[in-house]
Undergrad: 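Here's a structure for you.
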Amino acid sequence: MLKKLVLLFLIVFFVSCLVVRSQDVDDTVWQQVTENNYVDFSGVVGTQNMYGFTFILKSYNKGQYEPIHGVKIKYTLSQYTIDCLKNKYKIGVMDSYGYNNNFVNGDYNRYATFQPIVKGTAVDAVASKLCRP
């Protein structure tokens with residue numbers, strides 16, 4: 001009887017470890033930079049042609065994103081590039097996700113141009129952490 005209980009305990013323990021690990025597939029550590037905006041600083045990449053960085057900003061919908069094809073948007077993942085010397089940024093890619101974390105739409109902005117970083121925004125918060133004065 002004791003052997004069966006130990007075996008049952010080991011099976012339950014093993015299965016629970018697998019379940020916990022499968023729920024933790026996305027190991028991204030999102031750090032809040034402003035209200036509803038998060039960055040995974042381990043994914044920040046320095047640019048090669050200027051003093052700047054590229055990063056992904058996760059922005060939860062505060063009502064600014066309209067539904068796409070009838071699907072309500074929960075958050076977007078946007079790729080930003082910042083130019084530290086000119087205090088400018090541009091958005092290259094923006095992917096939208098629904099409330100089931102399902103991909104809804106992607107947009108690659110190949111015509112993106114650098115524009116001034118606005119004080120108090122999420123991009124300003126990230127630039128202040130990455131760019132050295």
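Predicted model only: the values in this text are computed from it and were never measured. Position 1 is the first residue of the sequence; numbering continues from there.
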Undergrad: Which distance, rounded to the nearest 0.5 Å, do you find between the NZ of Lys129 and the CD of Gln31?
TA: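 Rounded to the nearest 0.5 Å, the NZ-CD separation comes to 7.0 Å.
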Undergrad: Which disulfide (SG to SG under 2.5 Å) pairs, counting each pair once, include a residue from residues 91-122, with sequence neighbours left out?
TA: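 The answer is none; no pair qualifies.
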Undergrad: In the hydrophobic clustering that connects Ile, Leu, Val, Met, Phe, Trp and Tyr at side-chain heavy-atom distances below 4.5 Å, which members other than Val118 occupy its cluster, ordered by chain and number?
TA: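 None, because no other hydrophobic side chain comes under 4.5 Å of this residue.
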Undergrad: If you look at every heavy atom in Leu77 and Trp30, which pair is closest and at what distance?
TA: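 Distance-wise, the nearest heavy atoms are CD2-CH2, 3.8 Å.
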Undergrad: Anything under 3.5 Å between a donor and an acceptor, one on a side chain of residues 61-76, the other on a protein residue two or more places apart or in another chain? List them.
TA:
from: Asn61; atom 1: OD1; to: Gly63; atom 2: N; distance (Å): 2.7
from: Asn61; atom 1: OD1; to: Gln64; atom 2: N; distance (Å): 3.1
from: Asn61; atom 1: OD1; to: Tyr65; atom 2: N; distance (Å): 3.2
from: Asn61; atom 1: ND2; to: Tyr65; atom 2: O; distance (Å): 3.2
from: Asn61; atom 1: ND2; to: Ile73; atom 2: O; distance (Å): 2.8
from: Gln64; atom 1: OE1; to: Lys62; atom 2: N; distance (Å): 2.7
from: Tyr65; atom 1: OH; to: Thr76; atom 2: OG1; distance (Å): 3.2

Undergrad: Which residue pairs satisfy the disulfide (SG to SG under 2.5 Å) criterion with at least one member in residues 31-69, sequence neighbours excluded?
TA: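 Qualifying pairs, neighbours excluded: none.
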Undergrad: Walk me through it: do Thr54 and Thr47 pass the test side-chain contact (heavy atoms from CB on, under 4.5 Å)?
TA: CA-CA 7 Å; Thr54 299; Thr47 56; 3.7 Å; yes
Undergrad: In chain order, what residues pass the side chain to side chain contact (heavy atoms under 4.5 Å, CB included) check against Asn102, with sequence neighbours excluded?
TA: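 For Asn102 the side chain to side chain contact (heavy atoms under 4.5 Å, CB included) partners, ignoring immediate neighbours, are Asn100, Val104.
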Undergrad: Quick one: ring pair (Phe, Tyr, Trp, His ring centres under 6.0 Å) partners of Phe103, sequence neighbours excluded?
TA: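 For Phe103 the ring pair (Phe, Tyr, Trp, His ring centres under 6.0 Å) partners, ignoring immediate neighbours, are Tyr97.
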Undergrad: Could you go through Ser59 and Asn37, starting from their C-alpha distance and side-chain angles, then the distance that decides it, and tell me whether this counts as side chain to side chain donor-acceptor pair (under 3.5 Å)?
TA: CA-CA 5 Å; Ser59 301; Asn37 294 291; 2.7 Å; yes
Undergrad: Quick one: side chain to side chain contact (heavy atoms under 4.5 Å, CB included) partners of Asn109, sequence neighbours excluded?
TA: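 Here the qualifying residues are Tyr111, Ala112.
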Undergrad: Using the side-chain hydrogen bond (donor to acceptor under 3.5 Å, both in side chains) criterion, which residues pair with Thr113? Sequence neighbours excluded.
TA: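 Partners of Thr113 by the side-chain hydrogen bond (donor to acceptor under 3.5 Å, both in side chains) criterion come out as none, since no residue qualifies.
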Undergrad: Phe114: which other cluster members, linking ILVMFWY side chains closer than 4.5 Å, directly or transitively?
TA: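 Members besides Phe114, by chain and number: Met50.
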Undergrad: To which residues is Phe53 joined in a hydrophobic cluster, defined by side-chain heavy-atom contacts under 4.5 Å among Ile, Leu, Val, Met, Phe, Trp and Tyr, whether direct or through other members?
TA: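 Once heavy-atom contacts under 4.5 Å are chained together, Phe53 belongs with Val33, Val39, Phe41, Val44, Tyr51, Phe55, Leu57, Tyr80, Ile82, Leu85, Tyr89, Ile91, Ile117, Val123, Val126, Leu130.
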Undergrad: Could you tell me the separation between the OG atom of Ser96 and the CG atom of Asp107, rounded to the nearest 0.5 Å?
TA: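 So the gap between those two atoms works out to 8.5 Å.
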Undergrad: Name all residues meeting the salt bridge (Lys or Arg N to Asp or Glu O under 4.0 Å) criterion together with Asp124; count only those two or more places apart in sequence or in a different chain, and write none if there are none.
TA: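 Only Lys119 meet the salt bridge (Lys or Arg N to Asp or Glu O under 4.0 Å) criterion with Asp124.
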Undergrad: Lys86 and Asp83: which non-hydrogen atoms are nearest, and at how many Å?
TA: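 So the minimum-distance heavy-atom pair works out to N-OD1, 3.2 Å.
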Undergrad: Determine which pairs satisfy disulfide (SG to SG under 2.5 Å) with at least one residue from residues 41-133, sequence neighbours left out, and list them in order.
TA: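 Pairs touching residues 41-133 that pass the test: Cys84-Cys131.
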